[in-house]
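The structure presented is a predicted model; accordingly, all values stated were derived computationally and were not measured.
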Amino acid sequence: MKTNLYYFSGTGNSLYIAKTIKEEMEKIENKEVNIYKVAILPIQKYVNSENIQDSSDIVGIIYPTYFLDAPNVVKEFASRLELKQDCYLFLYANYGETLGNALHNMNKILTVSKVKGNYEVALPDNSIIFETKKEEIPKMLNVAKKVIKAQAKQIIQQEITPKSPYSFKYHLVSLGMKPFARKGLGFEKMKVDTTSCSGCGLCEKICPMKNIHMEEDKAGVKTPAFEKKCESCFSCLHYCPNESIRYQRMNKKKVDFQYKHPKISISEMVEARKN
């Protein structure tokens with residue numbers, strides 16, 4: 001049974017979900033009950049694809065909640081996705097505080113393919129403003145692991161779940177939150193502390209949107225430069241070894257703000273960007 005798990009991830013949360021689902025499917029395969037052929041695919045690989053045709057038996061779209069909604073790159077991917085009629089399509093959203101309309105809005109886009117499974121889980125937030133408290137992260141990860149494994153079993157059984165309800169309140173909050181964060185707080189204008197930046201280039205290698213490139217000045221010093229394709233995943237902020245990257249109005253005194261899923265390696269995140 002062919003399964004494709006598409007994901008978008010800035011800090012490893014969505015990739016962890018995809019890997020956990022795959023592992024649970026492979027356990028079934030080992031018992032020779034069903035044969036699952038599972039592929040984990042980064043959504044950013046399909047940014048320039050006009051139509052995405054997938055003939056898999058099971059298709060999952062796994063993504064974080066940004067501004068109480070699905071990221072734009074995920075919604076654009078969904079709008080171009082074409083599946084076979086009897087495919088079991090499921091959505092899996094993760095969030096730090098609130099799901100918002102991240103599942104509901106994706107269901108609206110996928111009306112032709114028809115979403116059959118809606119799943120959600122709370123994981124540590126990638127947000128720097130509403131960050132998850134450090135002392136709460138271990139417990140949160142443990143709870144999430146159990147939830148994901150339980151829901152993976154539902155996916156294997158191809159259960160039909162209720163649709164996620166729409167919230168007009170979250171719709172209004174999202175409308176104001178995104179422009180305020182991107183314009184007012186400067187999420188779309190990242191800055192670099194040149195005194196601490198080592199020029200290692202990890203931010204360029206890890207950015208899922210390929211929004212960063214290293215520039216060299218006359219003295220031969222390399223620093224990251226940012227384009228206009230940012231999804232506010234904060235991958236560059238969280239993975240910078242020197243905490244040199246921040247959004248425009250981020251507090252200079254703020255330290256120890258980084259979060260990366262402990263079960264996902266840097267090399268896995270970099271590899272996803274290469275596709």
Side-chain angles (χ1 to χ4, degrees), residues 1-9 11-43 54-65 70-71 74 77-78 81 83-107 109-110 113-126 132 136-165 261-265 268-269 272:
M1 187 172 289
K2 186 178 179 182
T3 301
N4 279 344
L5 304 177
Y6 298 97
Y7 76 95
F8 180 77
S9 190
T11 55
N13 285 343
S14 297
L15 179 53
Y16 172 74
I17 293 170
K19 289 182 67 177
T20 303
I21 293 171
K22 181 179 180 180
E23 287 170 5
E24 292 301 306
M25 286 183 163
E26 288 173 345
K27 287 180 183 178
I28 301 295
E29 180 181 1
N30 291 338
K31 294 177 182 178
E32 298 183 356
V33 176
N34 284 309
I35 301 299
Y36 288 94
K37 295 180 180 179
V38 186
I40 297 177
L41 305 164
I43 284 174
D54 192 316
S55 59
S56 301
D57 303 292
I58 300 175
V59 170
I61 306 177
I62 305 164
Y63 55 92
T65 299
V74 176
F77 166 83
L81 185 62
L83 306 175
K84 68 178 187 177
Q85 191 172 2
D86 59 345
C87 171
Y88 178 76
L89 171 64
F90 72 90
L91 304 176
Y92 207 132
N94 64 88
Y95 54 90
E97 289 289 336
T98 306
L99 172 66
N101 289 318
L103 284 173
H104 174 86
N105 290 344
M106 284 286 285
N107 272 267
I109 294 171
L110 292 158
S113 300
K114 295 182 181 179
V115 176
K116 296 176 182 176
N118 288 273
Y119 302 95
E120 61 180 91
V121 68
L123 280 165
D125 211 320
N126 80 323
T132 305
E136 295 177 1
I137 289 178
K139 181 180 179 182
M140 197 173 188
L141 290 172
N142 285 332
V143 171
K145 181 179 179 181
K146 295 176 182 177
V147 170
I148 298 165
K149 284 190 173 185
Q151 293 183 333
K153 290 180 173 60
Q154 291 179 265
I155 292 167
I156 291 168
Q157 296 298 323
Q158 299 189 27
E159 292 189 14
I160 308 298
T161 68
K163 290 184 178 180
S164 180
H261 196 288
K263 296 295 183 181
I264 300 299
S265 67
E268 287 177 288
M269 297 295 288

Quick one: does M106's side chain get under 4.5 Å of V74's, heavy atoms only?
yes

Rounded to the nearest 0.5 Å, how far apart are OG1 of T3 and NZ of K22?
10.5 Å

Taking atom OG1 of T65 and atom CG of L103, what is their separation to the nearest 0.5 Å?
7.0 Å

In the structure I gave you, are the side-chain heavy atoms of P42 and Y7 within less than 4.5 Å of one another anywhere?
yes

Under 4.5 Å between any side-chain heavy atoms of P71 and P64, yes or no?
yes

Any heavy-atom pair between the side chains of K145 and K263 that's under 4.5 Å?
no

N4 and S56: which non-hydrogen atoms are nearest, and at how many Å?
ND2-OG, 3.1 Å

Look at the side chain of D57 and the backbone N and O of K2, then say whether any donor-acceptor pair between them is shorter than 3.5 Å.
yes

To the nearest 0.5 angstrom, please state how far the CD1 atom of I40 sits from the OG atom of S14.
11.5 Å

Criterion side chain to side chain contact (heavy atoms under 4.5 Å, CB included) on F90 and I58, from CA distance to verdict
CA-CA 8 Å; F90 72 90; I58 300 175; 3.9 Å; yes

Identify each donor-acceptor pair in which a side-chain atom of residues 154-165 lies under 3.5 Å from a protein atom, sequence neighbours left out, and give them as a table.
{"residue": "Q154", "atom": "NE2", "partner": "E159", "partner atom": "OE1", "Å": "3.1"}
{"residue": "T161", "atom": "OG1", "partner": "N118", "partner atom": "N", "Å": "2.6"}

Nearest 0.5 Å please: distance from the CG atom of L91 over to the CG atom of N105.
11.0 Å

Do the side chains of L89 and I61 get nearer than 4.5 Å, heavy atoms only?
yes

Which residues satisfy the ring-ring contact (aromatic ring centres under 6.0 Å, His included) test with Y16, sequence neighbours excluded?
H261

Please round to the nearest 0.5 Å and tell me the distance separating atom OH of Y92 and atom CD1 of I21.
6.0 Å

Can you tell me how far CD1 of I62 sits from OH of Y6, rounded to the nearest 0.5 angstrom?
11.5 Å

May I ask you to test the L141-L123 pair for a side-chain heavy-atom distance under 4.5 Å?
yes

Within-4.5 Å side-chain heavy-atom neighbours: Y63 and I17
no

Could you tell me which non-hydrogen atom of P124 sits nearest to which non-hydrogen atom of T132, and how far apart they are?
CA-OG1, 3.4 Å

Could you pull out the closest heavy-atom pair between K116 and Q85, with the gap in Å?
NZ-O, 4.3 Å

